[in-house]
Amino acid sequence: MGKSYHIAVVGATGAVGFEFLRVLERRSFPAAGLRALSSARSAGRSVQFHNEPIPVEELTENSFAKIDIAFFSAGGDVSRRFAQRARDAGAIVIDNSSAFRMEPDVPLVIPEINGEDMKGHRGLVANPNCTTAIALMAIYPLHRAFGVRRAFASSYQAVSGSGARAIEELKKQTEAALQVRQSDGLVLWRDRQVTPQVFPHPIAFNVLPQVDAFLESGYTKEEMKLQNEGRKIMHLSDFRASVTCVRVPVYRAHSIAISAEFEKKVSVEQAREALAKAPGLELVDEPQKNRYPMPLNVAGKDNCEVGRVRLDCALENGLAFWVSGDQLLKGAALNAVQIAELL
Ligand SMILES: NC(=O)c1ccc[n+]([C@@H]2O[C@H](COP(=O)([O-])OP(=O)(O)OC[C@H]3O[C@@H](n4cnc5c(N)ncnc54)[C@H](OP(=O)(O)O)[C@@H]3O)[C@@H](O)[C@H]2O)c1
């Protein structure tokens with residue numbers, strides 16, 4: 001029999017935490033035991049793991065005794081405060097937050113792309129940003145074929161990317177919006193609904209050209225991650241990416257429209273070939289039959305999908321394409337469990 005591991009999930013009651021438990025079950029991860037950790041708010045509740053109720057405990061400095069692998073998914077502040085405690089207790093930390101991603105001695109890993117980077121880790125491996133991970137699943141195979149130089153992208157990001165409260169916010173606002181009457185000019189629901197709590201504006205029947213906080217440059221933090229994390233993951237220090245991140249009223253799964261420019265001459269046929277054989281990615285590209293990737297089709301699915309592949313009419317050696325992926329899975333829980341499997 002192989003070795004089994006004692007696992008801690010920090011943020012077990014959150015949107016990503018829930019998926020962690022399902023992914024560990026589904027992939028029969030060799031778990032000798034599971035500790036579910038949250039803030040004091042959820043302590044005392046229970047979560048299900050392999051049909052057993054697991055009591056949720058408040059995260060404290062002593063939570064990591066005898067833990068082999070600690071998955072952190074409770075935000076950057078919690079990771080900054082507790083990841084070192086977990087390492088001191090002998091656990092390997094796989095962190096979902098942005099706290100350590102750009103630290104030079106912390107591997108930032110998508111197993112299908114740079115699993116090799118985990119060699120020599122020092123007890124901490126970072127999981128990439130969810131939009132970055134899904135975009136790179138399609139950009140990287142094309143980079144291998146043609147050498148990517150730069151990309152222009154717009155994201156269409158699901159509300160669950162902002163956690164469990166954001167899912168409730170979309171539900172409540174949608175219920176309010178459904179009361180709309182044509183005689184109200186189709187907009188008066190705006191003023192009647194509950195005040196937004198998670199997002200800065202109503203998200204139901206709306207799109208918000210803001211994900212995360214604005215930087216002085218005018219981009220948001222989220223928008224710079226494709227360039228910054230992409231350089232580290234692809235080992236490509238000159239890679240440039242200009243991104244607009246948009247929140248859309250979709251429950252689950254992010255999509256990204258990308259135009260990328262390459263060193264070598266591109267062809268749609270070769271691009272399709274490279275994408276079709278890339279691990280973790282499926283080519284869904286039959287526009288004549290209205291077949292292309294969509295969030296509804298990839299929600300709950302491990303593989304990302306890519307389609308709408310065409311020569312970009314505004315770039316010299318460019319390809320335009322569209323990729324969708326479940327950000328709670330490939331953008332978070334699945335990728336982290338794949339990292340643990342590699343370890
Ligand atoms: N959602 C995504 O698609 C996604 C994708 C990639 C990465 N991430 C990252 O994953 C992390 C969690 O995201 P989420 O969407 O799952 O958020 P969420 O649904 O809001 O869940 C947050 C979790 O963290 C726990 N938590 C909050 N403050 C804590 C504290 N002080 N001590 C201990 N536990 C605490 C919460 O526990 P309580 O129940 O007690 O509040 C809950 O379990 C974030 O860093 C996020 O950036 C999210």
Side-chain angles (χ1 to χ4, degrees), residues 8-23 34-47 54-64 70-83 85-86 93-101 108-110 125-136 155-170 197-199 211-213 220-222 225-226 229 245 247-248 250-256 295 298-300 304 324-339:
V9 175
V10 180
T13 51
V16 174
F18 178 85
E19 296 302 325
F20 262 120
L21 304 182
R22 303 293 78 79
V23 173
L34 183 121
R35 191 168 295 160
L37 301 163
S38 73
S39 77
R41 284 182 296 272
S42 295
R45 278 174 52 186
S46 66
V47 291
I54 307 280
V56 176
E57 300 167 38
E58 181 182 356
L59 172 65
T60 70
E61 289 171 359
N62 303 319
S63 295
F64 301 101
F71 294 106
F72 271 70
S73 191
D77 291 344
V78 172
S79 296
R80 269 184 287 271
R81 207 168 138 216
F82 289 96
R85 299 280 168 184
V93 171
I94 301 173
D95 184 38
N96 247 307
S97 80
S98 58
F100 309 110
R101 285 180 191 147
L108 175 65
V109 173
I110 297 176
V125 181
N127 217 30
N129 164 260
C130 47
T131 307
T132 300
I134 292 163
L136 290 183
S155 70
Y156 301 67
Q157 298 187 213
V159 293
S160 53
S162 288
R165 286 175 57 233
I167 303 170
E168 279 310 305
E169 184 148 308
L170 174 58
Q197 310 271 321
V198 178
F199 300 113
V211 178
D212 210 341
T220 65
K221 283 186 185 171
E222 179 91 350
K225 289 174 183 171
L226 181 58
E229 297 182 21
C245 286
R247 186 74 65 191
V248 295
V250 162
Y251 278 130
R252 182 168 176 156
H254 291 355
S255 302
I256 308 114
V298 295
C304 298
S324 298
D326 188 323
Q327 95 289 347
L328 291 168
L329 292 175
K330 191 58 198 166
L334 172 67
N335 197 73
V337 173
Q338 286 176 310
I339 289 174

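When a ligand or atom number is given, it counts from 1 through the structure's own listing order.
- Between the side chain of Glu229 and the backbone N or O of Asn129, at least one donor-acceptor pair lies under 3.5 Å.
- Judged by distance alone, with hydrogens and angles left aside, the side-chain atoms of Ser38 form no donor-acceptor pair with the main-chain N or O of Thr13 at under 3.5 Å.
- For atom 15 (O) of ligand 1, the closest non-hydrogen atom on the protein side is Gly163 CA, 3.1 Å.
- Ligand 1 lies nowhere less than 4.0 angstrom from a heavy atom belonging to Arg165.
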For this session: Apply side-chain contact (heavy atoms from CB on, under 4.5 Å) to the pair Tyr156 and Thr131, showing each step before the final yes or no.
Result: CA-CA 9 Å; Tyr156 301 67; Thr131 307; over 6 Å; no
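- Below 3.5 Å of separation, one finds no N or O of Ser97 facing any N or O of ligand 1.
- Judged by distance alone, with hydrogens and angles left aside, the side-chain atoms of Glu169 form a donor-acceptor pair with the main-chain N or O of Val198 at under 3.5 Å.
- The protein heavy-atom contact nearest to atom 38 (P) of ligand 1 is Ser42 OG, 3.4 Å.
- Side-chain contact between Ser155 and His254 is absent, with no heavy-atom pair separated by less than 4.5 Å.
- A donor-acceptor contact shorter than 3.5 Å links the side chain of Arg247 to the backbone of Ala158.
- For atom 29 (C) of ligand 1, the nearest non-hydrogen atom from the set Val9, Val78, Asp95 belongs to Val78.
- For Ser160, every heavy-atom contact with ligand 1 shorter than 4.0 Å involves the backbone, none the side chain.
- Closest protein heavy atom to atom 26 (N) of ligand 1: Ala74 CB, 3.8 Å.
- Contact check on Glu19 versus Arg252 returns a salt bridge, with a Lys/Arg side-chain nitrogen under 4.0 Å from an Asp/Glu carboxylate oxygen.
- Close approach of ligand 1 to Ala332 is summarised as follows: ligand atoms under 4.0 Å from at least one heavy atom of the residue are 5 (C), 6 (C).
- Between atom 35 (C) of ligand 1 and the options Gly76, Ser39, Gly17, Ala158, the minimum heavy-atom separation is to Ser39.
- Near Ser38, with a cut-off below 4.0 Å to any heavy atom, the atoms of ligand 1 are 33 (C), 34 (N), 37 (O), 40 (O).
- Remark: the backbone N or O of Ala43 is not paired with any side-chain donor or acceptor of Glu58 at under 3.5 angstrom.
- Of the protein's non-hydrogen atoms, Val16 CG2, 3.4 Å is the one closest to atom 48 (C) of ligand 1.
- Under the 3.5 Å distance criterion, the side-chain polar atoms of Asp212 are left unmatched by any main-chain donor or acceptor of Thr220.
- A donor-acceptor pair under 3.5 Å is formed between the side chain of Arg35 and the backbone N or O of Ser63.
- Salt bridge annotation for Asp95-Arg101: absent, with no cationic side-chain nitrogen under 4.0 angstrom from a carboxylate oxygen.
- Of all protein heavy atoms, the one closest to atom 10 (O) of ligand 1 is Ser73 OG, 3.2 Å.
- The atoms of ligand 1 that sit less than 4.0 Å from any heavy atom of Ala164 are 18 (P), 19 (O).
- Shown in contact with Leu328 at under 4.0 Å from a heavy atom are these atoms of ligand 1, numbered in order with element: 1 (N), 2 (C), 3 (O).
- Ligand 1 has a nitrogen or oxygen under 3.5 angstrom from a nitrogen or oxygen of Gly75.
- For atom 6 (C) of ligand 1, the nearest non-hydrogen atom of the protein is Gly331 O, 3.3 Å.
- Each of Val109, Ile110, Leu334 was compared with Ile339 under the side-chain contact (heavy atoms from CB on, under 4.5 Å) criterion, and only Val109 meets it.
- Short contacts between ligand 1 and Gln327, defined as distances under 4.0 Å to a heavy atom of the residue, involve ligand atoms 3 (O), 5 (C).
- Scanning the protein for heavy atoms near atom 21 (O) of ligand 1, the closest one is Gly14 CA, 3.2 Å.
- Protein heavy atom at the shortest distance from atom 42 (C) of ligand 1 is Thr13 OG1, 3.5 Å.
- The N/O atoms of Leu59, backbone and side chain alike, include none that comes under 3.5 Å of an N/O atom in ligand 1.
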